[in-house]
Amino acid sequence: MRGKPAPKRKITPDYKFNSIQIAKLANYLMRGGKKSTALRVIYKAFDYISEKTKQDPLEIYNEAIKNVGPSVELRSKRVGGANYQIPTAVRGERKLALSYRWLLNAARSRKGKPMYEKLALELMDAAQGQGDAVKKKQDVYRMAEANRAFAHFSR
């Protein structure tokens with residue numbers, strides 16, 4: 001590795017909930033540098049959630065992130081000419097990044113609705129332990145369980 005690692009940038013919290021996690025979600029949702037549009041989508045999704053469930057949308061959001069975040073992931077490692085999928089533990093930052101990515105991919109894969117509604121529905125499903133994002137986490141767990149025999153190859 002040449003040079004210094006890139007410094008961690010400090011993310012400013014969003015203006016409505018004053019939450020760094022929501023600002024980070026907006027950064028993942030953002031396309032083409034349009035952060036205000038991404039924040040508008042998130043806020044409309046939160047309004048939709050509070051209207052449908054009559055609960056605090058932040059609680060549902062936190063529950064969804066907790067349900068989607070994996071604690072184990074697979075990493076490829078080459079050992080003696082063969083590639084093995086090795087189950088490894090996930091750090092906190094990476095867990096959040098994966099959960100945001102899986103939630104947004106699952107929301108984008110839903111068809112026929114505006115993005116705020118797709119995101120709201122995916123968050124509500126994830127908070128209840130269902131939906132495509134939770135299914136993705138379960139698939140990763142299943143693969144890690146199947147490859148548990150190769151865990152001794154980890155560093």
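By convention here, the first residue in the shown sequence is residue 1.
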Set of residues satisfying salt bridge (Lys or Arg N to Asp or Glu O under 4.0 Å) with respect to R94, sequence neighbours excluded: E73
I49 and D56, any side-chain heavy atoms less than 4.5 Å apart: no
Donor-acceptor under 3.5 Å (N83 side chain, S76 main chain): no
Y28: side chain to side chain contact (heavy atoms under 4.5 Å, CB included) partners, not counting sequence neighbours: K24, A97, Y100, L104
Beyond-backbone contact of P57 with Y48, side-chain heavy atoms, under 4.5 angstrom: no
Over 12 non-hydrogen atoms of neighbours within 6.0 angstrom of CZ in R148: no
Sub-6.0 Å ring centroid separation between Y43 and Y15: yes
Sidechain-backbone polar pair: K113 side chain, R110 backbone, donor-acceptor under 3.5 Å: no
Greater than 12 external heavy atoms within 6.0 Å of K66's NZ: no
Residue K16 excluded, over 12 heavy atoms near NZ under 6.0 Å: yes
D132 vs K135, salt bridge (charged side-chain N to carboxylate O under 4.0 Å, His left out): CA-CA, chis, key distance, verdict: CA-CA 5 Å; D132 288 348; K135 185 177 177 300; over 6 Å; no
Student check: side-chain heavy atoms of Y61 and Q21 closer than 4.5 Å: yes
CE (M143) with more than 12 external heavy atoms under 6.0 Å: no
Polar side-chain atom of K137 near backbone of N67 as donor-acceptor pair, under 3.5 Å: yes
Lys/Arg-Asp/Glu bridge criterion (N-O < 4.0 Å) met for E93, K8: yes
Pair F17-F46, ring pair (Phe, Tyr, Trp, His ring centres under 6.0 Å): steps then yes or no: CA-CA 11 Å; F17 295 104; F46 278 16; 5.4 Å; yes
Salt bridge K44-D47, side-chain N to carboxylate O under 4.0 Å: no
